[in-house]
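Written out below as structure tokens is the structure these notes cover.
Counting convention: from 1, in listed order, for ligands and their atoms alike. Side-chain atoms are counted along with the backbone in the values below, which use heavy atoms only and exclude waters and symmetry mates.
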Amino acid sequence: MKVAIIGQGYVGLTITVGAAGAGHSVIGFDVNDDLVANLNVGRSHIEGITDADLAGFIAAGAYVASTDPSVLDGSEVIVIAVPTPLDAQRNPDLSFVHVAAELIQKNVKSPALIVNESTSYPGTLRHEIAARITGVDHLYASSPERVDPGNSQWGTKNTPRLIGGLTPAAVAKAKEFYGRFCDSIIEVSSPEVAEAAKIFENTFRQVNIALVNEFAQISDALGISGREVLDAAATKPYGFMPFSPGPGVGGHCIPVDPSYLAHVANQVGVPATFIKRANEVNLAMPAYVVKRVVAGNAGSIKGKRVVVVGVSYKSNVADTRETPAAAVIDLLREQGATVTWHDDLVVTWRGESSSPITGADVAVVVTKHDGVDPAAIKACGYVFDCTGQIAGVDGI
Ligand SMILES: NC(=O)c1ccc[n+]([C@@H]2O[C@H](COP(=O)([O-])OP(=O)(O)OC[C@H]3O[C@@H](n4cnc5c(N)ncnc54)[C@H](O)[C@@H]3O)[C@@H](O)[C@H]2O)c1
């Protein structure tokens, strides 16, 4: 099939590789000139997608990236994979989705299957995308992306894929497209079910992470190891699912998607109280971390050299979106510490560069990448570990 994918970020490029690998002919459309130029010379910006993967598809004529929206016309399938962030008031910002719909409306004159993979609240495909595209008889389906960047066990092929269409013909076409590179396709009765399932999955994680974050604080105050309790609880073979405490939540999904659900819940008059409380707990974790670091340093870190280890939001990825490291660093600086950070994957961030771990008085481990040597961290005078991966030090 001839396929166009709008957005060549984490999701769009992942689907591009799945589709091109399955024999579809893919045009990757993005508004970012530099990104498109890099992609067209086979340079990947996503962990798990190699330059060789891209170069192979380009050489085989299976992939080309473009910033020209006219390339969208003539595709059998158009996938939307654009950002769905929150605005300054933490409400859904669907402006990228709206622009994508406008691009289709303006440029695509031959009928296509239009699939939205961007995460959003139920009703987005129907009311925010399909309703904005008129004059051509397109098919519409929702297939929310579940990719977990950096996860080597679960990828596009073996993660079951939800599909909900506006019509049976849309579902059939979407199954034909995804069936070539996804092992398991689950048809649900409407796009709204697929959209809601995705944001409920992430809300489930957000709420449970908040619960263990609160529990970590309770157990520390009780003088027992929260992680040992959680490990002990996880020995129960049924009815318990382990989650780990940490410095907060980051990335494009867990801190963001539940607020999409809360937004529509409020619109229909059902307050999403768990989401609100979970946001409060998770967003307060950096302050808790800094409070513990100060307490672990006899009540003051003024003038101390502090290195924050790992500023991406999770292990072995370079993604710093919504990372709690930002608040941890800012709050440490407010305490008068001289703060640097170390992250070999991120390298530059917020106008600063990664610094060595050695020479610091205090190390605060926010994210632990596999390549980081625990011995180098432990050589710092005091270590506070938010990851549970450094034995024998202070932490959560
Ligand atoms: N990153 C994840 O792990 C993940 C997982 C599941 C779902 N999602 C969801 O997938 C969607 C995309 O997320 P992402 O992580 O790929 O974002 P991203 O920021 O990595 O990529 C988005 C890309 O879209 C491009 N873009 C923006 N507006 C555009 C437009 N009008 N036309 C063409 N390109 C445009 C940007 O330049 C960028 O390259 C979001 O809704 C997100 O919530 C992300």
**Study point:** Any N or O of Glu145 closer than 3.5 Å to N or O of ligand 1
**Key:** no
Review point. Would one find an N or O of Asp257, backbone or side chain, under 3.5 Å from an N or O of ligand 1?
Key: no
Practice item. Kindly identify the option in Asp30, Thr67, Val82 whose heavy atom sits closest to atom 23 (C) of ligand 1. Key: Asp30
Point to revise | Ser118: numbered ligand 1 atoms lying under 4.0 Å from its heavy atoms | key: 11 (C), 41 (O)
**Study point:** Sidechain N-carboxylate O distance under 4.0 Å for Lys198, Glu145
**Key:** no
Exercise for review: Give me the ring orientation class for Phe181 and Phe177: parallel if the planes are under 30° apart, tilted from 30 to 60°, perpendicular past 60°.
Suggested key: perpendicular
Check your understanding: Backbone or side chain, does any N or O of Val11 fall under 3.5 Å from an N or O of ligand 1?
Key -> yes
Review point. Is the shortest side-chain N to carboxylate O distance from Arg277 to Glu214 below 4.0 Å?
Key: yes
Practice item. Determine, step by step, whether Asn208 and Met241 satisfy the side-chain contact (heavy atoms from CB on, under 4.5 Å) criterion, reporting the C-alpha distance in whole Å, the side-chain angles of both residues, the deciding distance to 0.1 Å, and the verdict. Key: CA-CA 9 Å; Asn208 279 286; Met241 190 178 282; over 6 Å; no
**Study point:** Atoms of ligand 1, numbered as shown, that sit under 4.0 Å from any heavy atom of Thr84
**Key:** 40 (C), 41 (O), 43 (O)
**Study point:** Heteroatom distance test (Asp319, ligand 1): nitrogen or oxygen, under 3.5 angstrom
**Key:** no
Check your understanding: Is Asp51 paired with Arg43 through a side-chain N to carboxylate O contact shorter than 4.0 Å?
Key -> no
Exercise for review: Indicate yes or no: does Glu102 engage Lys106 in a salt bridge with an N to O separation below 4.0 Å.
Suggested key: no
Revision key, fill the gap. Min over His252, Arg146, His45, Glu117 of heavy-atom distance to atom 42 (C) of ligand 1 lands on His252
Review point. Could Glu201 and Arg205 be called an ion pair, given the rule that one side-chain N must be under 4.0 Å from one carboxylate O?
Key: no
Check your understanding: Which residue owns the protein heavy atom closest to atom 17 (O) of ligand 1, what's the atom, and how far is it?
Key -> Arg321 NH1, 3.3 Å
Exercise for review: Starting from atom 20 (O) of ligand 1, find the nearest protein heavy-atom neighbour and note its residue, name and distance.
Suggested key: Tyr10 N, 3.0 Å
Study note, to complete from the structure: Looking only at protein heavy atoms, what sits closest to atom 3 (O) of ligand 1 is Pro149 CD, 3.1 Å
**Study point:** Side chain, backbone, both or neither: Pro144 near ligand 1, heavy atoms under 4.0 Å
**Key:** neither
Point to revise | Nearest neighbour in protein (non-hydrogen) for atom 21 (O) of ligand 1 | key: Gly9 CA, 3.1 Å
Check your understanding: Using the ring of each side chain (for Trp, its six-membered ring), is His138 parallel, tilted or perpendicular to Tyr140, with breaks at 30° and 60°?
Key -> perpendicular
**Study point:** Nearest-neighbour protein heavy atom for atom 35 (C) of ligand 1, which is reported as residue plus atom name and distance
**Key:** Val31 CG2, 3.7 Å
Review point. Is there a path of hydrophobic side-chain contacts, each under 4.5 Å between heavy atoms of I, L, V, M, F, W or Y residues, that connects Leu166 with Ile104?
Key: yes
**Study point:** Residue and atom name of the nearest protein heavy atom (relative to atom 31 (N) of ligand 1), distance in Å to one decimal
**Key:** Val99 CG1, 3.4 Å
Exercise for review: State the atoms of ligand 1, each with its element, that fall below the 4.0 Å cut-off from a heavy-atom position in Leu35.
Suggested key: 39 (O)
Point to revise | atom 5 (C) of ligand 1 [closest protein heavy-atom partner, distance rounded to 0.1 Å] | key: Val147 O, 3.3 Å
Review point. Counting from 1, what ligand 1 atoms have a heavy atom of Ile6 closer than 4.0 Å?
Key: 32 (N), 33 (C)
Review point. Pick from Asn91, Asn202, Ile275, Leu94: which one makes a side-chain contact (heavy atoms from CB on, under 4.5 Å) with Tyr260?
Key: Leu94
Review point. So does Asp148 pair up with Lys314, basic N to acidic O under 4.0 Å?
Key: yes
Point to revise | N-O pairing of Arg305 and Asp361 below 4.0 Å | key: yes
Practice item. Number the atoms of ligand 1 from 1 as they appear, then name those within less than 4.0 Å of a heavy atom of Lys198, with their elements. Key: 6 (C), 7 (C)
Practice item. Would you tell me whether Asn279 and Gln206 have side-chain atoms, one donor and one acceptor, within less than 3.5 Å of each other? Key: yes
Review point. Should you measure from each heavy atom of Phe96, which atoms of ligand 1 turn up under 4.0 Å away?
Key: 27 (C), 28 (N)
Practice item. For atom 9 (C) of ligand 1, grab the closest protein heavy atom and report residue, atom and distance to one decimal in Å. Key: Thr119 OG1, 3.3 Å
